[in-house]
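Here's the structure, in structure tokens; my notes come after.
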Amino acid sequence: MISMNDMQQQAVEHTEGPLLILAGAGSGKTRVITRRAAYLINECGVDAYNILAITFTNKAAGEMKTRIAEEVGFGSEGVWCATFHSTCVRILRRFIDRLGYDTGFTIYDTDDQKTLMKQIIKSMNLDPKQYKERTLLNAISKAKDELISPIEYRLKAQGDWSLKTTAEIYTKYQAALKANNALDFDDLIFKTVELLQDHADVLRYYQDRFRYIMVDEYQDTNTAQFVLIKLLAGRHENLCVVGDDDQSIYKFRGANIRNILDFEKTYPNAKVIRLEQNYRSSGNILNAANGVISHNSMRKGKNLWTAKEDGEKITFNQFDNAYEEADFVARGIKASVRRGGSFMDNAVLYRTNAQSRVLEEKLINAGIPYKIVGGVNFYARREVKDMIAYLTMIDNSLDDLAIRRIINVPKRGIGQTSIDRVQEYADENGISFYDAISECENISTIKRGASKIREFADFAEGLKKASETMSLSSLMKEIIDKTGYVEELRAERTVEADTRIENIEELYNKVVSYEEGEDEPTLSGFLQEVSLVADIDSMEDDADYAVLMTLHSAKGLEFDNVYMVGMEDGLFPSYMCITSDDPTEIEEERRLCYVGITRAKKHLTMTAAKMRMVRGETQYNGVSRFVNEVPKNLVEGFIPKSYSEREKLNFNAPEKREPSYLKSKPYALTYSKGSDFGIKDASALGYDVGDRVIHTKFGEGVVEEIAEGGRDFEVTVTFDGPGRKKMFASFAKLKKA
DNA sequence: CTCCTTTGTCTTTTT
DNA sequence: GACAAAGGAG
């Protein structure tokens, strides 16, 4: 068993009462959580059944479950390890009837939400140009993250006409969801909170069940999740949250960094433990990360250190275009494998999914096995969604969206007008679309189309009957056969159709493996599982391939060699943040950069391209400010200082030099050499070589060396206790003793 | 009703 | 550049 350091051990043994673990990147937090669960079970005699461990992805939940099982041995099965969303689904499946929904509800993904919203905009006769479903859904999502109900939204909108319209749309949207017996992602949390708030017996039940609660990645929780946890932990208050404010990167998804920053305010008797020893990265990589993040102002602040060697320097390279950049990455991966590494030790991280295309192309050429995480979710692909829609129709016939999606897929001669007429009839009579088609002969507005609709209605009814006796996999086979869906694709004889067939086969395989893995496989169970998967969940640990993913997806992972590509101002940080008036946005991007850097164990490579195609437009970006924030002495490779300086060297100045958004705000020309945070003059430090100084964590020590490190000073101190440490002056905050 | 062409919008990140 | 929505012809 791997031994724990003092702080980790303290965190494991502090079992009663609220506990905040501020765990820096690579400080072994997962180990602490799993060990803590094991400690509760083995040493404190806590029933595994009384432990809840919450994460954000299924992958993390699964890992935690296996690792707890390894530590505990027999008897850990009772631990409830799940994501926020699946936890809520499990609770709601049992009790949502208290809120007037049916327990067989469907979960809508982003596409479904859009479809539904489009219908609502249409039904309200609003101009779709003015009312964009994306914007509206974002507003609604934000409201739900903050637990603002449609009624409260309307109250808050008082006077503001535009907000009042949004409130009305929000109201209609919720009504439509309910009519379809569906919940969107945000509802899963919102409705669970509502349930627990309004039904004391249910709340009491779960409070007593979850006597010990642990929450991972706490910095990413939004207000709704915060309240949910607060409710669940309300009785026993044995709440342990683990997080790192420097890795908060989901503000756009509603994450509220205050949840972690103010934990001690919410729980005044909370114990706070900092895990500051990094076991993952080499010294240079860690210092690069520390150097970058020190430019942020809103932090709890910590001193992440490592006992490891400095290791290799960070590599930086700028290329003419994205192709050369990708080529370089491919060669780098190949070289590392030739030296005896595995493909899986290599990860390429980028800011936007769109960047993966060029990389993919070059990796194929180089014969490198790779896997792209993210992009279009497998379950969001057309053919997969179609299949799922058939299954959903059987499972929840109140879900109009599902039926409307596949009523004419494959083509059955049922067009838009017929569909609209069925919907009208359904609305007039207050019945579901499914019930409307089963009595299509009564719909006066439909004449010729009726026979075709009848045919479909009978088919659907047949499937529903069959589902009662058939296994899930045979049901899906039946759907494929009877609809001729795959057959039709096969007839196309195109590469695209073939991949679609492959996807359907893959879905079928997933059905089969679900059946095999479950004691009691049900259609609802399968659909639920499918609707809550994240892209990252599909990452296998044993297969040997290089991985390509966004910086967001990379959180929680680690690799020997990390490539951060597209390090360009305008791309990363994105121009949205640069042009924004809100300074916290750039800080969020910087945290994202910090996350990226700290994924690397042995070697970090950063690359940029001078020229890049973005949305069909050629952009000329300067090197990312973040690259310049890495202390110079840690970097190998030429880093251009600024846009203007590089321009002088570049005689073939391009005609179209900046994308339009740059013309108004020439930010690329303005970044200066100095930083507001770094210390420029050694005399400003207040101590010198030979002085005794005090450090908040390490205690007293003697300054050995003060070296200039880019824009900051690197101070080497031999502490009385922990020994020799190197640190940056600007955030080590050393005081003369 | 279906197929084809044209037009417009988009993206930063996701459970 | 990619994809969806809209518009027009058969």
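Here the structure is a predicted model, which means the values were calculated and not measured. In what follows, every heavy atom counts, from backbone to side chain, and hydrogens, waters and symmetry copies are set aside. In what follows, every chain begins at residue 1, and chains take the letters A, B, ... in the order their sequences are listed.
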- If we take the P atom in both C:dA4 and B:dT13, what is their distance in whole Å? 16 Å
- Item | Distance, rounded to the nearest Å, where A:R382 contributes CZ and C:dA4 contributes C1' | 11 Å
- Message: When you measure from the side-chain N and O atoms of A:R615 to the phosphate of B:dT12, is any distance below 4.0 Å, counting only OP1 and OP2?
- Response: yes
- Query: Among side-chain atoms of A:T106 and A:N396, is any donor-acceptor pair under 3.5 angstrom?
  - Reply: yes
- What pattern of brackets, bars and dots sums up DNA chain B from 5' to 3', given Watson-Crick or G-U wobble pairs under 3.5 Å, [ ] for crossing pairs and | for another strand? ||||||||||.....
- Please figure out whether A:Q416 or A:V533 has its closest DNA chain B nucleotide nearer the 5' end. A:Q416
- Message: So that I can tick it off, tell me whether A:E133 and A:K122 are bridged by a salt bridge, with the cut-off set at under 4.0 angstrom between side-chain N and carboxylate O.
- Response: no
- Query: Are side-chain N/O atoms of A:Q247 and A:D244 paired as donor and acceptor at under 3.5 Å?
  - Reply: yes
- Could you check which residues of residues 549-556 of chain A get a heavy atom under 4.0 Å from DNA chain B? Sort them by number, please. A:T550, A:H552, A:S553
- Would you say A:N353 reaches B:dT13's phosphate, i.e. side-chain N/O to OP1/OP2 under 4.0 Å? yes
- Determine the interatomic distance between C1' on C:dA5 and the same-named atom on B:dT12; round to the nearest Å. 24 Å
- Query: Taking the side chain of A:S418 as heavy atoms from C-beta outward, which of B:dC1, B:dT2, B:dT12 is closest to it?
  - Reply: B:dC1
- Item | Nucleotide nearest A:K129 (side chain, heavy atoms from C-beta), chosen from B:dT9, B:dT13, B:dT15 | B:dT9
- Side chain of A:N408: nearest nucleotide among B:dT15, B:dT2, B:dT13? B:dT2
- Message: Students often get this wrong, so: under 4.0 angstrom with heavy atoms, is A:E588 touching a base, only sugar-phosphate, or nothing?
- Response: nothing
- Describe the nucleic acid contact of A:D186 in one word from base, sugar-phosphate, nothing, applying a heavy-atom distance below 4.0 Å. nothing
- Task: Identify whether any heavy atom of A:F56 sits under 4.0 Å from a base atom; if not, whether one sits that close to sugar-phosphate; answer base, sugar-phosphate or nothing.
- Result: sugar-phosphate
- Query: For the residue pair A:H552 and A:Y250, is the inter-centroid distance of their aromatic rings smaller than 6.0 Å?
  - Reply: yes
- Note on the structure: Per the under-4.0 Å heavy-atom filter, residues of residues 132-148 of chain A near DNA chain B come out as A:K132, A:R134
- Message: Expressed as a whole number of angstroms, how long is the span from A:D220:CG to B:dT14:P?
- Response: 13 Å
- Message: Between B:dT12 and A:R351, counting only base atoms on the nucleotide and side-chain atoms on the residue, is there a donor-acceptor pair under 3.5 Å?
- Response: yes
- Consider the side chain of A:M613, meaning its heavy atoms from C-beta on, and name the nucleotide among C:dG1, B:dT15, B:dT13 that approaches it most closely. C:dG1
- Task: Please work out if A:R591 contacts a base, only the sugar-phosphate, or nothing of the nucleic acid, heavy-atom cut-off 4.0 Å.
- Result: nothing
- Residue whose closest nucleotide on DNA chain B lies nearer the 5' end, A:T417 versus A:Q225: A:T417
